[in-house]
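Take a look at the structure below.
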Amino acid sequence: MENTEIARVLADVSTLLEIQGANPFRVRAYENAARTIEEHPTPLRDLVAAGADLTELPSIGKDMASHIRELVDTGRLTVLEELQRAIPYSLIDLVRLPGVGPKRARKLWEQLGIETLDQLETAAQEARIETLEGFGKKTQARILGGIATVRQRGSRFRLADADQLVEPLLAHLRATADVQQVAVAGSYRRRLETVGDIDILAIAAQPGPVMAHFTSYPRVRKVEMSGDTRGTVILESGLQVDLRVLPAASYGAALQYFTGSKAHNVKLRKRAVARGLSISEYGVFEVAEGDEGAATGGRRVSGATEEDVYAAVNLPWIPPELREDRGEIEAAERGTLPALLTLDDMRGDLQMHSTWSDGKQSIAEMLQGCVARGYEYFALTDHSKNLAMTGGLDAAGVRRQWAEIAEVTAGRDDITLLRSLEIDILRDGSLDLEDEVIAELDVVVVSVHTLLDLPAAQQTKRILTALEHPAVHVLAHPTGRLINRREPYAFDLDAVLHCAREHHVAVELNAHPHRLDLRDIHLLAARELGVPVVISTDAHQVPDLAFMRYGVEQARRAWLEPAHVLNTRPLSELRRWLAAKGI
DNA sequence: GCCGTTTTCGGCCCGACTGTTTTCAGTCG
């Protein structure tokens with residue numbers, strides 16, 4: 001069982017306990033444990049197997065440790081099963097709707113017998129919700145809107161969650177001598193922010209044993225289909241995985257074909273047809289005169305590697321992240337494919353938190369983490385006071401923090417700590433910190449955390465006002481979306497990007513796997529407009545610094561090169577950009 | 001249920017907003 005799955009089970013226990021009206025601190029204990037597990041950098045099942053003491057992890061005590069062990073050993077949790085006997089499990093879906101919390105979910109169930117989203121939708125349509133005490137017409141309408149949103153986004157997995165599920169499966173497949181090579185294709189390989197299912201390719205001389213090995217993976221819940229060259233399983237997490245077993249000669253063609261996107265492949269195949277060729281998952285073939293339309297009729301031209309496939313239609317290899325038919329084939333033809341950003345280009349991280357607000361580790365620990373990643377600099381961006389729940393800092397707190405920064409960095413010349421703060425943008429667009437304190441920061445990062453439901457015009461004006469403040473450098477997580485959890489707030493992003501360009505403000509690509517904000521298409525827009533991008537992890541503990549990878553991947557999907565990203569620059573150049581405000 | 005200790009109990013990041021009310025519960029971040 002992967003960390004993301006263990007975390008999910010404990011989070012579900014937390015929600016059910018909350019609906020049941022349990023001690024709120026007990027509820028939070030499960031929630032905290034879930035977060036610890038989700039964020040833990042190594043699989044907990046390894047710790048369990050090694051007999052490690054799990055209670056050394058934060059928020060994991062004796063009970064949680066035994067829950068984790070039970071889940072790893074049996075895949076089940078007694079506490080959860082007992083709860084499910086008292087409360088319908090499907091009430092969890094209700095709690096996830098905006099405007100519905102545990103209390104209202106319980107009321108809906110007890111007074112109207114509603115257990116599922118479907119039943120809730122029907123009741124709302126029949127105007128039965130507004131009759132309940134504590135509910136009204138607006139809440140009823142909000143519920144209907146929420147259900148529609150949930151339906152629309154379906155059940156895709158966040159990319160980082162898919163990573164956790166796919167990597168051990170790949171290790172399993174590679175562990176048999178029958179397999180020569182294994183690769184993942186599909187949207188996973190294109191690093192799309194969410195994936196619906198996983199397509200795996202394996203090269204083997206004999207497909208039979210490989211397929212048997214695949215379907216015997218311990219985390220398989222159900223084998224949907226298992227043929228000679230193709231099999232489909234559903235993992236216990238609900239993730240569907242397809243495996244195709246191929247001979248080495250077809251590997252490149254199959255990898256290209258199954259990586260997609262569909263639009264990219266259609267265009268590529270058209271190009272092949274124009275050259276008297278045909279591209280299929282089996283290879284590139286010459287189309288014999290009078291034999292158009294036959295998939296594998298003619299002589300095989302290539303197919304063993306992807307490079308060969310592209311070369312057969314006179315193109316250089318195109319990075320998977322670009323294969324969305326957004327002009328990459330044309331650029332490849334002209335020889336103007338971007339020299340995409342890589343993780344090695346990153347010289348610093350410009351958003352992270354410490355114990356001075358809601359981070360889990362000290363300034364000294366975060367600094368050490370950045371040194372370990374080989375960074376030249378980093379910005380410490382704790383929250384400002386408006387976010388009381390995070391222990392946000394006021395002017396006095398900021399000055400106390402500076403004293404500690406001076407101590408921690410004294411005598412260090414291996415890395416530079418940039419003094420910063422993630423300052424809340426208040427309702428009217430003003431900033432949650434006095435100007436004289438802001439003036440002493442090296443990097444001024446601003447963001448919206450409250451009042452997410454303002455009308456679009458008002459929200460836009462609020463953000464524009466903040467960007468017009470003469471000291472602001474970076475707008476953090478500009479849309480506020482949380483993948484699969486919360487839509488972007490309503491505002492005019494285009495107006496914000498134009499304003500950013502005009503006022504020498506960069507936009508953030510927040511690399512936290514739950515955010516990835518700005519997303520790929522918005523970053524493309526920023527690139528077109530010439531608005532610089534900053535990629536930051538929003539780390540709340542040292543392991544989170546590794547989220548940088550997810551930011552770089554999305555940046556690549558947006559065609560970004562090192563020159564588009566401020567924190568690829570050496571410190572001196574970054575400082576020059578920061579100092580150029582108001583010129 | 002976890003944690004730290006003034007160590008086996010007692011506290012646990014809390015303030016603002018919304019829609020419902022007519023003084024506030026529920027939700028949110």
Side-chain angles (χ1 to χ4, degrees), chain A residues 9-11 13-37 53-68 70 77-80 82-83 94-108 129-143 145-146 353-360 382-394 397 422 424-428 432 447-455 458-459 462 476-477 480-482 485-489 512 514-515 517 538 540:
Chain A
V9 172
L10 294 183
V13 170
S14 169
T15 307
L16 289 174
L17 282 171
E18 207 176 4
I19 295 169
Q20 202 180 42
N23 175 350
F25 297 108
R26 190 175 165 223
V27 170
R28 213 166 67 199
Y30 278 92
E31 199 182 299
N32 291 340
R35 183 166 324 143
T36 292
I37 294 163
D53 180 10
L54 298 173
T55 64
E56 286 181 6
L57 298 171
S59 307
I60 307 295
K62 208 161 136 275
D63 287 28
M64 293 298 171
S66 96
H67 292 340
I68 293 167
E70 185 185 355
L77 187 62
T78 312
V79 178
L80 178 62
E82 278 167 8
L83 271 169
L94 270 50
V95 175
R96 298 216 174 95
L97 296 171
V100 180
K103 302 276 170 56
R104 285 182 174 157
R106 180 172 184 160
K107 197 170 220 174
L108 289 165
I129 305 299
E130 62 178 69
T131 63
L132 278 183
E133 195 193 343
F135 291 75
K137 281 188 187 303
K138 283 199 175 175
T139 304
Q140 182 170 272
R142 197 159 175 224
I143 285 172
H353 301 263
S354 73
T355 47
W356 280 85
S357 61
D358 60 349
K360 294 211 182 74
D382 279 303
H383 287 288
S384 63
K385 62 181 184 299
N386 186 49
L387 275 192
M389 64 173 289
T390 66
L393 301 174
D394 58 11
E422 186 185 8
D424 256 44
I425 300 174
L426 304 178
R427 180 195 279 269
D428 62 357
D432 184 33
S447 60
V448 166
H449 289 108
T450 57
L451 298 164
L452 307 184
D453 286 334
L454 290 183
Q458 204 178 330
Q459 192 72 277
R462 173 191 188 190
H477 48 74
R481 66 104 172 240
L482 295 173
R485 284 224 317 271
R486 187 173 74 204
E487 297 299 307
Y489 30 77
H512 193 290
H514 291 188
R515 289 192 182 269
D517 179 10
D538 209 346
H540 284 66

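What you see is a predicted model; the values in this text were computed from it and never measured. Reminder, nothing fancy here: chain letters follow the sequence lines and each chain counts from 1.
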Classify the nucleic acid contact of [X] as base, sugar-phosphate or nothing, counting any heavy atom under 4.0 Å across all strands shown.
X	answer
L454(A)	nothing
L451(A)	sugar-phosphate
N23(A)	base
V27(A)	nothing
T450(A)	nothing
P24(A)	nothing
G61(A)	sugar-phosphate
L17(A)	nothing
K385(A)	nothing

Aromatic contact between H514(A) and H477(A), with the criterion being ring centroids under 6.0 Å apart: yes or no? no

I'd like the [atom1] distance from [M] over to [N], given in whole Å.
N	M	atom1	answer
dT18(B)	dC12(B)	P	28 Å
dG26(B)	dT21(B)	C1'	12 Å
dG15(B)	dC9(B)	C1'	28 Å
dT20(B)	dT27(B)	C1'	13 Å
dC17(B)	dC13(B)	P	22 Å
dG29(B)	dT23(B)	C1'	24 Å
dT5(B)	dG11(B)	C1'	11 Å
dT8(B)	dC2(B)	C1'	13 Å

I'd like to know if the side chain of [X] and the backbone of [Y] have a donor-acceptor N/O pair within less than 3.5 Å.
X	Y	value
R481(A)	Y489(A)	no
Q459(A)	L451(A)	yes
T139(A)	F135(A)	no

Do we see a donor-acceptor contact under 3.5 Å between the side chains of [X] and [Y]?
X	Y	answer
S357(A)	D382(A)	yes
D432(A)	N386(A)	no
H512(A)	D517(A)	no

Both distances below 3.5 Å, Watson-Crick or wobble geometry, any strand: find the nucleotide opposite dG11(B). dC2(B)

Would you kindly compare N386(A) and R142(A) by the position of their nearest DNA chain B nucleotide and give the one closer to the 5′ end? N386(A)

Which sits closer to the 5' end of DNA chain B, L132(A) or R35(A), going by the nucleotide each is nearest to? R35(A)

For residues 15-31 of chain A, tabulate all N or O donor-acceptor pairs below 3.5 Å that involve a side-chain atom, not counting sequence neighbours.
| unit_1 | atom_1 | unit_2 | atom_2 | d |
| --- | --- | --- | --- | --- |
| T15(A) | OG1 | A11(A) | O | 3.0 |
| N23(A) | OD1 | F25(A) | N | 2.8 |
| Y30(A) | OH | H67(A) | NE2 | 3.0 |

Considering only heavy atoms of chain A and a distance under 4.0 Å, specify the first and last nucleotide of DNA chain B in 5' to 3' order that meet this criterion. dG1(B) to dG29(B)

